[in-house]
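Reckoned from all heavy atoms, side chains included, excluding hydrogens, waters and symmetry mates. Order of appearance sets the numbers: ligands from 1, and atoms from 1 within every ligand.
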Amino acid sequence: MFWDKPLETIDCRSLQILQLDRINTALERIAATPGYKSFYDSKKYKIKPLSSLEQMKDLPFTTKQDLRNSYPSGFLVTDMEKVVRMHSSSGTTGIPTVIYHTKNDIDNWSSLIARCLCMIGMSDKDVFQNMMTYGMFTGGLGLHYGAEKLGAMVIPAGAGNTERQLKFIKDFKTTVVHITPSYALHVSEIIEQRNLLDGLSLRIALMGAEPYTEATRLKLEERLRIDVINSYGLSEMNGPGVAFECLEKEGMHVWEDNYYVEIVDTKTGMPLPDGEEGELVLSAINREAMPILRYRTHDLAFIYPERCACGRTHRKISRIKGRTDDMFIIGGVNIFPSQIEEVLMKLPQVGSNYVIILSKKGSLDKLSVRIEVNPDLFAGDLRHLTQLKETITRKLREEILINPTIELVEPGSLPPSQGKAVRVIDNRDKTV
Ligand code: AMP
Ligand code: ZN
């Protein structure tokens, strides 16, 4: 089923003309915004209309840091009065990256989501339970508005409170859920243990916000007897609705009339041909409040060179293999090792070495930090160590919103690093 068949099946030439037109409109508006223009000035790029999409590769990249530098509204190209909503990236501290939306932007974003939902056979007959965090995180309101636009009944459940989630799924005959894969593993385990499946109407789970494997998809599909659909997005590009699987379940269609998609070599930054894996670079070319061009996502993927059997002409990206940087995601929250280091190193009682260990307890992710304590403290009494453990746990929880397990170890007991330290050991595959 199509939400907007002419656009979803647009021919290649017409798509390119549309993209070029939208990119040039965005450039024109950026050039007229001194704060944004100065970004291109600093990169020594003179803004002028592009005569072909080939010239996109000459534009400088935009990074998360650039967005932070523009805080709070340097990249806004409309009047603030036209802005109706803002979102920011999850899990990051310090200066957040803020994305503004006008009424048209929200409307357009909702249509993109409706397009995604229609593509997988959702309709106004569905009951949609959104089990993603609401608030600044885009997975809440983003999907919410799109599903409403489609006409589905939306249950804005938010994340967590599993007993209530299960009650809603049963009592309101929920047919579609939106959930992170790690939470889905947890919830599905309970459904299985309690033998609840036969009483439910679930048929589809939309899953994204963190990487997961094909094996996890299959496990969940088998457990819950549903279709699991991969959904990709990032707040800088609105959030969900950037790329979404169709029922072929092989790759996610990127809505190319709204997003210009490139895969670049992570080292040289040069665009790679379809089929080759590299870093995904995205441009939000149809955003009124805040166009962003050539944003480095740090996500690793490839573009499928073949056309999709579903009839849509928009190209597909592969499942995200991982990230080029060291960010990791636990329960849908993005965490940078530097956030943990920042907390630890501010405490004089902490020694000079630490390691972050990611594992699984049942189907939930677990984060442990093994920390060498300051030799002075280690010689002290047990009470101090217990206190320190509590302090670190609390400070880390405040910072990363996850409850870590802290293990204090003797100074010098962790392997010293030679060259670059390995700070994160991810055992989640081995401990499932
Ligand atoms: P945020 O901007 O906080 O929503 O985080 C966006 C990031 O989450 C992306 O850049 C990806 O690294 C990750 N992400 C979102 N959806 C998926 C997905 N379906 N598969 C893998 N990673 C994802
Ligand atoms: Zn398709």
Side-chain angles (χ1 to χ4, degrees), residues 1-3 5 8-9 63-64 67-68 86-93 96-99 109 115-116 118-121 132-143 159 178-182 184 205-214 216-217 220 228-256 259 261 279-282 284 292 295-301 303-304 306-336 400-401:
M1 264 181 293
F2 292 89
W3 175 256
K5 193 165 184 186
E8 289 172 57
T9 58
T63 64
K64 203 181 243 316
L67 291 182
R68 288 202 178 117
M86 60 166 282
H87 277 283
S88 83
S89 187
S90 69
T92 49
T93 54
T97 60
V98 181
I99 303 296
W109 180 16
R115 227 191 247 187
C116 298
C118 209
M119 176 163 75
I120 52 146
M132 289 277 189
T133 311
Y134 276 67
M136 292 300 225
F137 178 58
T138 54
L141 288 175
L143 251 292
H178 181 214
I179 186 169
T180 61
S182 50
L206 319 174
M207 281 187 209
E210 59 185 357
Y212 61 111
T213 62
E214 198 59 32
T216 303
R217 185 225 295 262
L220 287 163
V228 170
I229 301 291
N230 199 2
S231 159
Y232 171 82
L234 59 160
S235 48
E236 292 80 2
M237 295 288 121
N238 287 353
V242 174
F244 213 81
E245 272 179 339
C246 63
L247 288 172
E248 297 293 318
K249 287 199 224 165
E250 210 192 344
M252 299 177 275
H253 287 284
V254 180
W255 299 124
E256 293 188 82
Y259 301 101
V261 53
E279 183 179 340
L280 187 59
V281 170
L282 289 164
I292 295 180
Y295 183 73
R296 289 196 81 144
T297 66
H298 288 287
D299 292 319
L300 291 167
I303 295 176
Y304 281 82
E306 316 85 28
R307 283 265 169 265
C308 186
C310 77
R312 286 169 186 82
T313 48
H314 300 239
R315 285 176 300 166
K316 296 192 293 189
I317 54 164
S318 65
R319 188 176 282 282
I320 306 298
K321 190 180 155 197
R323 291 183 60 85
T324 56
D325 56 20
D326 51 7
M327 187 193 89
F328 53 87
I329 304 180
I330 295 241
V333 180
N334 298 354
I335 301 170
F336 288 89
I400 60 178
L401 311 174

Q: So if I count the atoms of ligand 1 from 1 in the order they appear, which ones are less than 4.0 Å from some heavy atom of G208?
A: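 In order of numbering, the contacting atoms are 19 (N).
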Q: Go through ligand 1 atom by atom and flag the ones less than 4.0 Å from a non-hydrogen atom of L234.
A: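 Ligand 1 atoms under the 4.0 Å threshold to L234: 2 (O), 6 (C), 10 (O).
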Q: Regarding atom 15 (C) of ligand 1: of the candidates G233, G239, A243, which has the closest heavy atom?
A: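 Among G233, G239, A243, the closest heavy atom to atom 15 (C) of ligand 1 comes from G233.
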Q: Any side-chain heavy atom of L206 within less than 4.5 Å of one from I120?
A: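 Sidechains of I120 and L206: in contact.
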Q: Quick one, M237 and T297 - any side-chain contact, counting heavy atoms below 4.5 Å?
A: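 M237 does not reach T297 side chain to side chain.
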Q: Would you check if K249 and R217 make a side-chain contact, meaning some heavy-atom pair closer than 4.5 Å?
A: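 Side chain of K249 against side chain of R217, heavy atoms only: contact under 4.5 Å found.
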Q: Is there a side-chain contact between W255 and R312 in this structure, where contact means two heavy atoms from C-beta onward sitting under 4.5 Å apart?
A: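 Touching, per the 4.5 Å side-chain cut-off.
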Q: Considering only heavy atoms of I320, which atoms of ligand 1 have at least one such atom less than 4.0 Å away?
A: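 Reading through ligand 1 atom by atom, the close ones are 20 (N), 21 (C).
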Q: Can you tell me how far apart CG (L282) and CD (E236) are? Round to the nearest 0.5 Å.
A: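 Here the rounded value is 10.0 Å.
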Q: Heavy-atom contacts under 4.0 Å between S235 and ligand 1: side chain, backbone, both, or neither?
A: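 Contact part for S235 vs ligand 1: both backbone and side chain.
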Q: Going by the order shown, which atoms of ligand 1 are within less than 4.0 Å of some heavy atom of S89?
A: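 Numbered from 1, ligand 1 contributes 2 (O), 3 (O).
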Q: Can you check whether E245 reaches Y232 side chain to side chain, under 4.5 Å on heavy atoms?
A: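 They are not in contact (no side-chain heavy atoms under 4.5 Å apart), so the answer is no.
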Q: Pairs of nitrogen or oxygen atoms closer than 3.5 Å, one from A209 and one from ligand 1: do any exist?
A: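 Yes, since at least one N or O of A209 sits under 3.5 Å from an N or O of ligand 1.
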Q: What atoms in ligand 1 come closer than 4.0 Å to a heavy atom of F137?
A: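 The atoms of ligand 1 under 4.0 Å from a heavy atom of F137 are 4 (O).
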Q: What do we get for D299 next to ligand 1 when only non-hydrogen atoms under 4.0 Å count, side chain, backbone, both or neither?
A: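 The answer is the side chain.
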Q: What do you get for the angle at the Zn ion (ligand 2) between SG on C310 and SG on C246, to the nearest 10 degrees?
A: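 Roughly 120°, rounded to 10°.
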Q: Salt bridge between E250 and K316, side-chain N to carboxylate O under 4.0 Å?
A: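 No, no charged N to carboxylate O under 4.0 Å.
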Q: Could you pull out the closest heavy-atom pair between M207 and A184, with the gap in Å?
A: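 Of all heavy-atom pairs spanning M207 and A184, the closest is CE-CB, 3.5 Å.
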Q: So, regarding S231 and ligand 1 (criterion: nitrogen or oxygen to nitrogen or oxygen, under 3.5 Å), is there a contact or not?
A: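 Right, the criterion is met.
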